[in-house]
Amino acid sequence: MSTKESERNSSAQQTLDILYEISELLNTQLDRATLAKCVAMIENGVNPEALAAVVQELRREGAHSTADNAGHVR
């Protein structure tokens, strides 16, 4: 790996670390891997507000599904 690639990777990791800290402070409940995927999608042109809306909808569906399953005996 060249020095420039190494510096670029280090910078990207530092940026992700900072974003993760902000994410934790805002209580987004995103793990590092999910946050990294969201950042990558935004960098590739996905509208951040639309992405946030999708994440919120998926959480609502997950909560609804969990509540539905809690009432069923297995």
Side-chain angles (χ1 to χ4, degrees):
M1 180 182 302
S2 74
T3 303
K4 284 191 176 196
E5 286 179 46
S6 179
E7 288 174 4
R8 199 173 315 131
N9 287 341
S10 177
S11 177
Q13 185 60 49
Q14 288 176 342
T15 300
L16 186 58
D17 290 344
I18 291 166
L19 288 173
Y20 183 72
E21 288 179 32
I22 292 168
S23 173
E24 288 289 294
L25 290 171
L26 296 173
N27 196 26
T28 65
Q29 300 174 348
L30 295 174
D31 60 34
R32 283 182 188 269
T34 303
L35 181 62
K37 289 174 186 167
C38 289
V39 169
M41 286 189 279
I42 292 167
E43 287 176 340
N44 286 310
V46 171
N47 180 307
E49 291 176 4
L51 180 57
V54 169
V55 169
Q56 289 175 337
E57 181 62 26
L58 289 171
R59 284 190 175 154
R60 278 192 292 273
E61 287 181 14
H64 181 71
S65 177
T66 301
D68 285 349
N69 289 335
H72 292 81
V73 178
R74 293 179 186 216

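- Residues in residues 4-30 take part in these salt bridge (charged side-chain N to carboxylate O under 4.0 Å, His left out) pairs, two or more places apart or across chains: Asp17-Arg32.
- For Asn47, there are no side chain to side chain donor-acceptor pair (under 3.5 Å) partners two or more places apart in sequence or in a different chain.
- Not counting sequence neighbours, the partners of Leu26 by the side-chain contact (heavy atoms from CB on, under 4.5 Å) test are Ile22, Thr28.
- Remark: Val46 pairs with Met41, Leu51 by the side-chain contact (heavy atoms from CB on, under 4.5 Å) rule, at least two apart or across chains.
- Of all heavy-atom pairs between Val39 and Leu19, the closest is CG2-CD1, 3.8 Å.
- Checked against side chain to side chain donor-acceptor pair (under 3.5 Å), Glu57 has the following partners two or more places apart in sequence or in another chain: Arg60.
- Screening residues 33-44 for side-chain hydrogen bond (donor to acceptor under 3.5 Å, both in side chains), with sequence neighbours left out, gives Asp31-Thr34.
- Here the CG-OG distance, from Leu16 to Ser23, works out to 9.5 Å after rounding to the nearest 0.5 Å.
- Taken to the nearest 0.5 Å, the CZ atom of Arg59 stands 8.0 Å off from the CD atom of Gln56.
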